[in-house]
Amino acid sequence: MFQFFLLPFQLIQKSLEGIGRYVELMASMFRSIFTWHKNLNLVIDHMYQIGVLSIPIVILTSLFSGMVISVQAAYQFESGFVPNWFVGSVVGESILMELAPMMTALVMTGRIGATIAAEIGTMRVSEQIDALESLSFDPISFLIMPRILASAVMFPILVIIADCFGILGGLIAALNSMDVSFVEFIRGLRNWFRPWDAWFGLIKGLFFGLAITSIACYQGFYTTGGATGVGKSTTATVVVSCIAIVFLDYILAALLL
Amino acid sequence: MIELKNISKSYNEKEVLRDISFSIPHGQAVAIVGKSGAGKSVLLKCLIGLIKPDGGTIYVDNKLINSMNLRQLQNIRSSIGMVFQFGALFDSMTVGDNISLALQKLTNLTGNEITERVIDSLESVGMTGTEDLMPAELSGGMKKRVGIARAIAIKPAYLFYDEPTTGLDPVMTDSINRLILKFQQSESVTSVIITHEMRTVYEVADRVILLHEGGIQFDGSPKEIKSIDDAIVQQFITGDSTLV
């Protein structure tokens with residue numbers, strides 16, 4: 001019974017310890033960022049793994065997201081109070097400001113976050129990180145910094161790709177399901193477009209990328225308990241990253257809009 | 001020379017190491033034995049600075065490693081070769097890259113010299129021609145041998161082995177024991193071997209330290225350990241669970 005009342009305090013204590021270790025790890029990572037040129041080949045390798053190999057899935061998800069927005073807009077516009085060419089505005093603003101960065105982040109949580117946590121976690125439980133340290137390597141500048149740097153570069157690029165293909169998907173669906181021409185769609189798109197909206201999406205992409213990669217690195221780096229521990233770290237990465245993404249989404253909107 | 005004074009380490013109120021003190025002169029092969037969970041691996045990781053002890057001091061070559069920063073630790077580690085229990089080879093790299101990684105970091109060798117050193121190291125552990133294999137393609141014994149090749153490639157002054165023969169068949173155990181002995185004699189390194197295989201102790205070590213419940217139960221030669229009148233020591237070396 002007494003243990004039951006202690007549980008919330010233990011959870012708070014555990015959470016605070018976790019936050020402390022995360023901050024400590026990130027501080028070490030930022031200190032090691034000045035040695036990026038020594039691990040340039042690793043940064044490029046991770047840019048390929050995180051960025052280039054994710055392009056197909058980002059294209060696919062953003063294309064269909066754009067199509068869904070278009071079809072749902074068509075459904076809303078059936079009343080006739082809103083002109084059909086407005087669909088371009090709806091698709092453009094939704095994709096640039098919210099869907100492209102958000103969908104990219106959620107997809108990348110599963111594809112990249114889980115992979116990083118499993119990779120680093122396996123290295124931890126199989127003593128590969130200890131081996132790196134025994135060979136005089138700093139595991140933070142060798143394992144963590146290149147991944148975070150690569151994601152900082154590649155996430156905004158992936159968001160740009162998602163922007164393009166999301167709008168393309170919206171255009172394709174609009175042409176097929178509504179009485180709207182290509183020129184009308186572009187008119188709607190340009191009518192409400194503000195460059196800041198696109199920048200806002202890119203900034204969100206950058207923050208989401210940093211959050212996903214840093215959470216995955218942290219979970220992997222402090223993995224304990226063999227294969228079960230790796231599984232727990234991977235699950236925790238996906239759950240915590242999803243929460244962090246929606247939290248950051250609100251914070252960035254409140255601060256920047 | 002390695003010197004430990006009053007080393008203690010606890011995890012969640014469980015005392016793993018308690019007031020451990022001993023020194024290892026240059027060129028000696030010391031086997032640290034004990035039951036599973038006796039703190040052997042923790043002690044070895046303390047020696048290389050991977051784990052910080054809660055109390056006490058550790059000197060390697062008269063340098064206090066407890067209070068060293070990362071750069072100072074890296075300097076010390078460049079003179080220590082560590083062989084991990086399951087090899088701890090980097091999954092994403094070939095056998096050759098596993099060995100050359102440390103050489104690129106710790107030496108000023110040219111590309112050709114590194115390639116030569118990799119080939120020599122693999123040859124000396126009987127793994128010639130495996131440079132391009134991935135760790136997943138190797139058996140447990142082969143991984144341990146590559147782990148030894150990686151450790152000796154940097155030509156260290158100290159070689160630390162964490163359970164080098166655990167889980168191997170008797171023939172492979174003998175092969176690894178001979179390798180340890182060979183490097184001990186030919187390179188005149190100081191070796192610390194964590195093991196619970198008494199065969200390895202008798203074949204390889206000059207001295208044996210038995211850890212029990214966090215403390216040192218025995219410290220002497222392999223010959224002495226056979227004859228000492230101590231139930232805990234005798235239980236460990238004979239493997240008779242009814243003795244204590």
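Just so it is clear: chains get the letters A, B, ... in the order the sequence lines come, proteins before strands, and each one is counted from 1. Computed from a predicted structure; not experimentally measured.
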Asks: Can you find a side-chain donor-acceptor pair between B:Glu197 and B:Thr195 that sits under 3.5 Å?
Replies: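 Result is no, nothing qualifies.
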Asks: Most heavy-atom pairs under 4.5 angstrom with chain A, which of B:Arg150, B:Lys105, B:Met82?
Replies: B:Lys105
Asks: Stepwise, does the salt bridge (Lys or Arg N to Asp or Glu O under 4.0 Å) test hold for A:Glu133 with B:Lys45?
Replies: CA-CA 11 Å; A:Glu133 286 190 79; B:Lys45 286 182 180 177; over 6 Å; no
Asks: Please classify the contact between B:Leu89 and chain A as side chain, backbone, both or neither, with a heavy-atom cut-off of under 4.5 Å.
Replies: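 Contact with chain A is through the backbone of B:Leu89 alone.
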Asks: Would one find more than 12 heavy atoms of other residues, nucleotides or ligands at under 6.0 Å from atom CZ of A:Phe221?
Replies: yes
Asks: Looking only at side-chain N and O atoms, does B:Thr57 offer a donor or acceptor that is under 3.5 Å from a partner on B:Asn66?
Replies: no
Asks: State plainly whether the residues B:Glu213 and B:Arg18 are in salt-bridge range, i.e. N to O under 4.0 Å.
Replies: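 So B:Glu213 does not pair with B:Arg18 through a salt bridge.
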Asks: Do you see a donor-acceptor pair shorter than 3.5 Å between the side chains of B:Tyr59 and B:Ser23?
Replies: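 No pair is found: no donor N or O on one side chain lies under 3.5 Å from an acceptor on the other.
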Asks: For B:Leu106, is it the side chain, the backbone, both or neither that has a heavy atom under 4.5 Å from a heavy atom of chain A?
Replies: side chain
Asks: At a 4.5 Å cut-off on heavy atoms, which part of A:Leu132 comes close to chain B: side chain, backbone, both, or neither?
Replies: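 It is both, since atoms from each part get that close.
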Asks: With only heavy atoms counted, which part of A:Ser126 is less than 4.5 Å from chain B, the side chain, the backbone, both or neither?
Replies: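 For A:Ser126, the backbone is the part near chain B, not the side chain.
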Asks: For B:Asp162, which atoms come within 4.5 Å of any heavy atom of chain A: side chain, backbone, both, or neither?
Replies: side chain
Asks: Given the options B:Phe84, B:Phe160, B:Phe86, which has more heavy-atom pairs under 4.5 Å with chain A than any of the others?
Replies: B:Phe84
